[in-house]
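Starting off with a structure, shown below.
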Amino acid sequence: MNFEKIKSANLIVVKVGTSTLTHQSGYINIRRVEQLVKCLSDLQNSGKHVVLVSSGAISCGLGKIGLRRKSLTLEQKQAAASVGQCELMDMYNRLFADYGHTVGQLLLTKDVTDDEQRKEHAKNTLRVLIELGCIPVINDNDSVSSEGIKYGGNDILSAVVAMLCEADLVVNLTDIDGFFDADPKTAPDAKLISYVEKITPEVIEKAGGAGTERGTGGMAAKLIAAKQCTDYGIPMVIANGANPDILYDVMSGTFKGTFFDTLEA
Ligand code: GLU
């Protein structure tokens with residue numbers, strides 16, 4: 001296993017899912033988010049560049065406006081995203097500022113990244129933010145689009161963002177330890193696969209369906225993201241975000257999780 005690719009990564013896209021950022025109640029998990037921001041700030045201080053792809057807008061918004069999670073219409077979720085995104089950015093802005101870092105928000109949709117000219121604008125904004133030492137915080141623009149809400153939005157978005165900014169590594173922090181040979185929630189003897197050399201159709205077959213009711217991703221979307229990244233030449237890690245300190249272990253190559261390698265040219 002070649003962890004050099006991780007250790008030498010300079011530009012790192014970190015994706016954090018809703019189930020990691022919020023409690024079951026839907027409200028923000030303050031301790032976890034504070035720890036996450038601390039680790040990301042520390043990574044940035046060490047000379048690396050961090051791009052954060054953060055979910056959680058819909059969940060935070062639902063909590064704030066008092067909408068019940070079950071049986072929501074698309075429009076209600078979009079309204080919740082609009083409220084929750086403010087909550088998220090307010091929090092990131094404050095917490096990163098405590099460590100002397102500046103954040104910039106990008107809300108993307110598929111029609112932006114599919115359009116050459118608009119994609120170029122997003123790419124340039126990202127590049128300049130990174131050059132200036134700012135930390136881009138990115139989410140799907142759910143209030144004006146439905147793709148992200150319907151299917152694994154931010155997992156796929158993290159791959160798109162990694163390609164846009166030519167990242168060296170994607171770290172996907174989620175609510176399980178990594179990619180297993182069966183669903184650990186239903187198969188107690190499922191084994192963690194720590195290294196995937198190549199994402200074959202058989203590997204994808206193992207990934208199963210959707211994630212928690214608070215997020216939309218699930219392992220299937222993470223595998224698609226991993227395939228897009230690794231095909232492009234960017235390795236990806238899936239690890240448990242319950243303790244964001246795991247980012248230190250990831251960067252030193254001593255983590256528990258799954259490493260999706262890129263094929264050598
Ligand atoms: N963009 C959604 C949000 O911020 C999350 C989508 C996902 O779970 O991937 O709530």
Side-chain angles (χ1 to χ4, degrees), residues 13-29 32-33 36-37 51-70 72-93 103-113 122 136-162 164 170-176 179 207-229 236 238-242:
V13 172
V14 177
K15 186 264 169 179
V16 191
T18 300
S19 56
T20 299
L21 294 168
T22 61
H23 290 287
Q24 287 239 309
S25 63
Y27 289 107
I28 288 176
N29 186 328
R32 201 173 278 167
V33 172
L36 173 73
V37 169
V51 174
L52 175 61
V53 175
S54 173
S55 301
I58 297 175
S59 194
C60 291
L62 289 176
K64 196 154 189 202
I65 53 186
L67 275 176
R68 288 174 61 83
R69 193 157 308 279
K70 300 258 185 242
L72 293 166
T73 62
L74 173 64
E75 291 83 353
Q76 285 172 321
K77 287 186 191 170
Q78 289 175 314
S82 155
V83 172
Q85 186 63 28
C86 299
E87 178 98 342
L88 273 184
M89 283 316 293
D90 175 51
M91 188 181 61
Y92 285 130
N93 195 35
V103 294
Q105 173 187 257
L106 268 89
L107 296 178
L108 298 174
T109 47
K110 192 166 180 302
D111 60 334
V112 170
T113 51
V137 180
I138 301 172
N139 198 354
D140 258 315
N141 196 354
D142 295 316
S143 299
V144 299
S145 125
S146 62
E147 285 124 4
I149 292 176
K150 286 185 184 148
Y151 182 64
N154 283 7
D155 289 319
I156 310 294
L157 182 64
S158 63
V160 172
V161 166
L164 279 182
V170 174
V171 181
N172 190 312
L173 294 181
T174 185
D175 57 359
I176 56 171
F179 176 52
T212 65
E213 63 173 17
R214 282 177 292 144
T216 55
M219 197 46 76
K222 287 173 183 52
L223 263 260
I224 294 171
K227 175 133 182 58
Q228 289 178 351
C229 286
M236 181 171 135
I238 298 179
N240 198 324

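Remember, it's a predicted structure, so these values are computed and weren't measured experimentally. Just so you know, these numbers use all the heavy atoms, side chains as well, and skip hydrogens, waters and symmetry mates. Note that ligands are numbered from 1 as they come in the structure, with each ligand's atoms numbered from 1 the same way.
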Quiz item: Any luck finding a side-chain donor-acceptor pair between N240 and D175 under 3.5 Å?
Solution: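 The answer is no; no qualifying pair exists.
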
Quiz prompt | Contact summary for A80 and I58, nearest pair of heavy atoms | solution =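 For A80 versus I58, the nearest heavy atoms are CB-O, 3.7 Å.
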
Practice problem: Give the atoms of ligand 1, by number and element, whose distance to some non-hydrogen atom of S55 is under 4.0 Å. | Solution: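 By the 4.0 Å cutoff, the relevant atoms are 4 (O), 5 (C), 7 (C), 8 (O), 9 (O).
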
Quiz item: Does the side chain of N172 come under 3.5 Å of the side chain of T174 through a donor N or O and an acceptor N or O?
Solution: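 There is no such pair (donor and acceptor under 3.5 Å, judged by atom type) between the side chains of N172 and T174.
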
Quiz item: So is there a nitrogen or oxygen of S54 less than 3.5 Å from a nitrogen or oxygen in ligand 1?
Solution: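 It does not: no N or O of S54 is found under 3.5 Å from an N or O of ligand 1.
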
Quiz item: Going by atom types alone, do Y27 and T22 pair a side-chain donor with an acceptor below 3.5 Å?
Solution: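 Not at all, the side chains of Y27 and T22 share no donor-acceptor pair under 3.5 Å.
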
Quiz prompt | Of the listed options I156, N141, L62, D142, closest to atom 1 (N) of ligand 1 (non-hydrogen atoms) | solution =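 Comparing heavy atoms across I156, N141, L62, D142, the nearest one to atom 1 (N) of ligand 1 lies in D142.
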
Self-check item: Sub-4.5 Å side-chain heavy-atom contact between N139 and N154
Solution: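 In short, these two side chains touch, coming nearer than 4.5 Å.
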
Quiz item: Does any N or O atom in K15 lie less than 3.5 angstrom from one in ligand 1, N or O only?
Solution: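 No: no nitrogen or oxygen of K15 is under 3.5 Å from one in ligand 1.
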
Self-check item: Proximity to ligand 1 by part of N139, non-hydrogen separation under 4.0 Å
Solution: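 The answer is the side chain of N139.
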
Quiz prompt | N154 N/O under 3.5 Å from ligand 1 N/O | solution =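 Looking only at distances, the answer is yes, because the N/O contact criterion of under 3.5 Å is met.
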
Quiz item: Nearest 0.5 Å, what's the CD-OG distance between E87 and S82?
Solution: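 Separation between the atoms: 12.0 Å.
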
Practice problem: Determine whether any heavy atom of G56 lies closer than 4.0 Å to an atom of ligand 1. | Solution: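 Per 4.0 Å heavy-atom rule, G56 contacts ligand 1.
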
